[in-house]
2 protein chains.
Amino acid sequence: MLTEALRRFNRTYTQRIGVLDESFLGTGRPLAVSRLLFEVGSTPGTSVRGLRERLDLDSGHLSRLLRRLETEGLTTTTPDPVDRRRRVVELTPAGRTAYDDLERRSEERAAALVAPLTARQRERLDEALRTADLLVRAATVRLSEVAPDHPSAQEATRRYFAELDARFPEGFDPGGPVAPEPGATYVVASSDGEPVAYGGIRPALDDHTAEIKRMWVHSAWRGAGLGARMLRHLETLAAAQGRRRVVLDTNGALHEAIAMYERSGYRRIERYNDNPYAEAFFEKRL
Amino acid sequence: MLTEALRRFNRTYTQRIGVLDESFLGTGRPLAVSRLLFEVGSTPGTSVRGLRERLDLDSGHLSRLLRRLETEGLTTTTPDPVDRRRRVVELTPAGRTAYDDLERRSEERAAALVAPLTARQRERLDEALRTADLLVRAATVRLSEVAPDHPSAQEATRRYFAELDARFPEGFDPGGPVAPEPGATYVVASSDGEPVAYGGIRPALDDHTAEIKRMWVHSAWRGAGLGARMLRHLETLAAAQGRRRVVLDTNGALHEAIAMYERSGYRRIERYNDNPYAEAFFEKRL
DNA sequence: AGCATCCTCTGACTGTAGTCAGAGAATGCT
DNA sequence: AGCATTCTCTGACTACAGTCAGAGGATGCT
């Protein structure tokens, strides 16, 4: 039973590995302050707001923690020239030293933990942790509808076009700014604020058909089932809009995508548009 | 790099799974109190001392947490009839209900976390977590020298003899209480207070030789490299005592043990004692 | 029987984490 | 230009976690 394995591991974790956080102790700083220092050090040029979101802290609490780092001479906080309400946090040289110290402690702690294992065991552990990491991250991805001009959507679209350009033998040119599509709905899957998958539907052909557009999965996240999940999500949305059929087009170079459509119950159909990049056409009845 | 995978997972964990602990929140009780309730519920008849060790709490702190559970009517604390300095903590019926509630919350949380995964992905995650769990537990096993009459040593010896009796075609009879062995050193590997591997060395044959005795690994822990690790540890101890050679005898039925000795650089030698159960004899130069 | 030790508990603290309300500056919108 | 909104910060708290010293009963050892 998976939940049992998860809960058992949770226990092992808090007793054994969780102690990794303890590497942040013994620095004379409270845990929260160390965590903040670590976060500032690993995301240079971050704003107070960004920190608040990533660490999920109360604004007053965070402000005080920042003041503490500042009086220790580890960080500087200056107004963001772009939007002077925001303030940007940076490490001072002393802060960099303190950050490196945290890095070192964390690394040493991790190394000490696995030191008793043989080379073979380390490989197995490495493999197991990477798998668990990917799957847990994939499970906790959040799907949300976004406007096409939302920063995440823009970023995802940019990456999608770049991928097409790299993979099509003839390259890909979106041909100028993307025209607004009335009635279209776009969905972005994000993890830690980063877009990791994207896709949308728009009305097409007739009143009971929707077309799936711009299906994209971040290259580091392939094999985690995100594509299929996004597809299911879009189908549900289309059904909720009263569509009884979805169609899509794609390029022959995108083998995994085509395989995924087939696994997900899509059937090949005849060309239904004049998209010069499209070579394969699919439909699915909902 | 394993430490990288470990540290990355650590991050994912604290942000995602770590939230399992949050299932203990929303009960109107502080986290520490819930954790204590959970511990009391999962180890019936435990003493205050046992709780203190397992949860690694200050005695004053723990005492106050226990008082809190008691005034809530969830536990009773009564003197241990065997040793009236100790006190034994038990759940009341109301406490059992509260414990079941924690169990349910924890289970629901775990189920919700993995809900977005497909069956195939769940299997992979299950497998990965079990592997990681075994290896992390194996890595954090603690080796310590013990007197042969130490409870852990007794328990390990009992299990060792039981195993021999089960595996030898002719059975095994230790022949009365074990005689004290002058100069012998025994080591127990324990995890969560349970013995998981055992072994010892004693002077033998001549001044520069030690004999390895009673090598045992808990059946649930085989394949985690504990035997080889115990062996290395014993060899180091022998070398520190000025021995230049270790010898050991074993029975032909113990295939994995024999394979391990060979992998660890042991060579077969002639019979060097009259142990009726021994069929194979090994030595290793240190 | 006497003394060291063990076990649990209370008292008296300190520091950390986190919440909530609201002030004041900067910005966006119409 | 005016007004709502955003962002960060301070003040004022509350609860929680954890430490240390020491009291007092129970036990083990010789």
Any side-chain heavy atom of A:Arg67 sitting closer than 4.5 Å to one from A:Thr77?
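Sidechains of A:Thr77 and A:Arg67: in contact.
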Here's a test for you: under ring pair (Phe, Tyr, Trp, His ring centres under 6.0 Å), which of A:Tyr160, A:Trp216, A:Tyr186, A:Phe161 qualifies with A:Tyr198?
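It is A:Tyr186, the one option of A:Tyr160, A:Trp216, A:Tyr186, A:Phe161 that forms the ring pair (Phe, Tyr, Trp, His ring centres under 6.0 Å) with A:Tyr198.
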For nucleotides 25-27 of chain D, tabulate all protein N/O to nucleotide N/O atom pairs closer than 3.5 Å, reporting atom names and distance.
unit_1 : atom_1 : unit_2  : atom_2 : d
D:dT27 : OP1    : B:Arg84 : N      : 2.7

Give me, pair by pair, the N or O atoms of the protein and of nucleotides 15-19 of chain C that are less than 3.5 Å apart, along with how far apart they are.
unit_1 : atom_1 : unit_2  : atom_2 : d
C:dA17 : OP1    : A:Ala32 : N      : 3.2

Please give, in whole Å, the distance from [N] [atom2] to [X] [atom1]?
X	N	atom1	atom2	result
B:Arg67	C:dT8	CZ	C1'	9 Å
B:Leu62	C:dT8	CG	P	8 Å
B:Arg87	C:dT10	CZ	C1'	13 Å
B:Leu51	C:dC9	CG	C1'	15 Å
B:Arg86	D:dG24	CZ	P	23 Å
B:Glu70	C:dT8	CD	C1'	12 Å

Do B:Gln241 and B:Thr185 have side-chain N/O donor and acceptor atoms under 3.5 Å apart?
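Yes, B:Thr185 and B:Gln241 have a side-chain donor paired with an acceptor closer than 3.5 Å.
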Between [X] and [Y], does any side-chain N to carboxylate O distance fall below 4.0 Å?
X	Y	answer
A:Asp100	A:Arg104	no
B:Glu53	B:Arg49	yes
A:Asp133	A:Arg130	no

Should the side chain of B:Ser59 and the base of C:dC9 be counted as holding a donor-acceptor pair, with the cut-off at 3.5 Å?
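When only heavy-atom distances are counted, B:Ser59 does reach the base of C:dC9 through a donor-acceptor pair under 3.5 Å.
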When you measure from the side chain of [X] to the backbone N and O of [Y], does any donor-acceptor pair fall under 3.5 Å?
X	Y	answer
B:Arg229	B:Val141	yes
A:Arg29	A:Leu37	no
B:Thr75	B:Val89	no
A:Arg35	A:Leu55	no

Check B:Arg54, B:Glu39, B:Glu90 against B:Thr46 for a side chain to side chain donor-acceptor pair (under 3.5 Å) and give me the one that passes.
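Of all the options given, the one that passes is B:Arg54.
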Take the C1' atoms of the five end pairs on each side of the helix from C:dA1-D:dT30 to C:dT30-D:dA1, get both axes, and report the angle to 10 degrees.
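Comparing the first five pairs with the last five, the axes sit 30° apart.
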